[in-house]
A.B. asks: 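Let me give you the structure first, and then I'll get to my questions.
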Number of protein chains: 2
Amino acid sequence: MIDETDRKILRLLQENARMTNKELAAKLDLSITPVYERVKKLERKGYIKGYSARLDHEKIGKGMMVFMHLKLQVHTHENIRHVIEEVDHLEEVMECYHVTGETDYLLKVMVKDMPAYETFVVEKLTKIKGIANINSSIVMSTVKSTTSLDV
Amino acid sequence: MIDETDRKILRLLQENARMTNKELAAKLDLSITPVYERVKKLERKGYIKGYSARLDHEKIGKGMMVFMHLKLQVHTHENIRHVIEEVDHLEEVMECYHVTGETDYLLKVMVKDMPAYETFVVEKLTKIKGIANINSSIVMSTVKSTTSLDV
DNA sequence: TATGAAATCTGCGGAGT
DNA sequence: ACTCCGCAGATTTCATA
């Protein structure tokens, strides 16, 4: 199990994954060695799965975000497996979840702009066999977006 | 503008933000100095917004994810501002978008489990004035989840 | 906790395009 | 002017006691 000090480390590394052990130690009022060992332990035990750079979507040409609700035609094991496999390969699909409710799957899609979105839908998504229905919610603005969980 | 070398750096840092300049240099067939300068430039120009540790949701007690579609009662400027402000403060809300379609806002919510989810809905979300309707999609499984954009 | 060697970071001078 | 390289002092990492 992890204690409050570990949780503080996780909080700080969520905000800035490149913070040095020295900086962490200063904020936690510890010496460098125990911090170093705690971070290694958190990585080893899988609490920390990795470290990512957060990029500016607009600047790198992914200014458009769309949430797409997919409904399957038939819920056979084979059809589900096929759709999942195809969706998984699409680079525009950042996230895909099997959800409860009206629809079966929820996709977060990121593309450059509206023409790119149309191409994605026409050339890729609708070519996948087994999808009965697509309902899209285009993101007009981001009210909140964080990757930092409340540890 | 950024070139192919910069894009490679972005790709690599999206996968592992803690990669050293030495490692980056080896993969890019460059010496350490230009890599160092390019990374600093990408940070300075805002292509890189920061670095985050990716945590294991289950392990840190956020095993349940729910997408919530909110519809507002009235779309006055004042009501919108109020709802946005309240939602922004909720630690369970990881993301909130203003979207097109049937509903007004889409929220990604992360909580420990079903009781925690119920508490969140009853004690926090439904106490916000101005929300007419909530439609929830509970995540049963994650088919795909990546933070790495196709740079 | 503290020490110290190894690795890495980081800024500068300089060369090539 | 831009991007590269190598050098060297400062800083950080990480094993050891």
A.B. asks: Can you tell me if Gln14(B) and Thr147(B) form a side-chain donor-acceptor pair at under 3.5 Å?
C.D. replies: no

A.B. asks: Using whole Å, what does the distance between atom C1' of nucleotide dC14(D) and atom CG of Asn21(A) come to?
C.D. replies: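 Computing the Asn21(A):CG to dC14(D):C1' distance gives 9 Å.
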
A.B. asks: Write down the distance between CD (Glu37(A)) and P (dA2(C)), rounded to a whole number of angstrom.
C.D. replies: 15 Å

A.B. asks: Whole angstroms only, please: what is the CE-C1' distance between Met1(B) and dC2(D)?
C.D. replies: 16 Å

A.B. asks: Among side-chain atoms of Asp104(A) and His75(A), is any donor-acceptor pair under 3.5 angstrom?
C.D. replies: yes

A.B. asks: Between P on dC9(C) and CD on Glu43(B), what's the gap in Å once rounded to a whole number?
C.D. replies: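 Glu43(B) atom CD is separated from dC9(C) atom P by 12 Å.
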
A.B. asks: Please work out which residues in residues 22-34 of chain B have a non-hydrogen atom less than 4.0 Å from an atom of DNA chain C and list them by number.
C.D. replies: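 Here the set is Lys22(B), Ile32(B), Thr33(B).
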
A.B. asks: I'd like to know whether Ile84(A) forms a side chain to side chain contact (heavy atoms under 4.5 Å, CB included) with Tyr105(A), so could you lay out the CA-CA distance, the side-chain angles of the two residues, the decisive distance to 0.1 Å, and finally the verdict.
C.D. replies: CA-CA 9 Å; Ile84(A) 284 176; Tyr105(A) 292 92; 3.6 Å; yes

A.B. asks: How long is the line joining NZ of Lys40(A) and C1' of dA15(D), in whole Å?
C.D. replies: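 Atom NZ in Lys40(A) sits about 13 Å away from atom C1' in dA15(D).
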
A.B. asks: Can you establish whether the number of heavy atoms outside Glu102(A) located under 6.0 Å from its atom CD is more than 12?
C.D. replies: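 Count not over threshold, so no.
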
A.B. asks: Between Ile2(A) and Arg7(A), what is the shortest heavy-atom contact and its length?
C.D. replies: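 Looking at all heavy atoms of both residues, the shortest contact is O-NH1, 3.6 Å.
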
A.B. asks: Arg38(A) CZ to dC14(D) C1': how many Å, rounded?
C.D. replies: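 Computing the Arg38(A):CZ to dC14(D):C1' distance gives 17 Å.
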
A.B. asks: Please tell me if Tyr36(A) has a side-chain N or O lying less than 4.0 Å from either OP1 or OP2 of dA15(D).
C.D. replies: yes

A.B. asks: Answer with yes or no whether the side chains of His82(B) and His77(B) bring together a donor and an acceptor at under 3.5 Å.
C.D. replies: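 Their side chains do not contain a donor-acceptor pair, so the 3.5 Å distance test is not met.
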
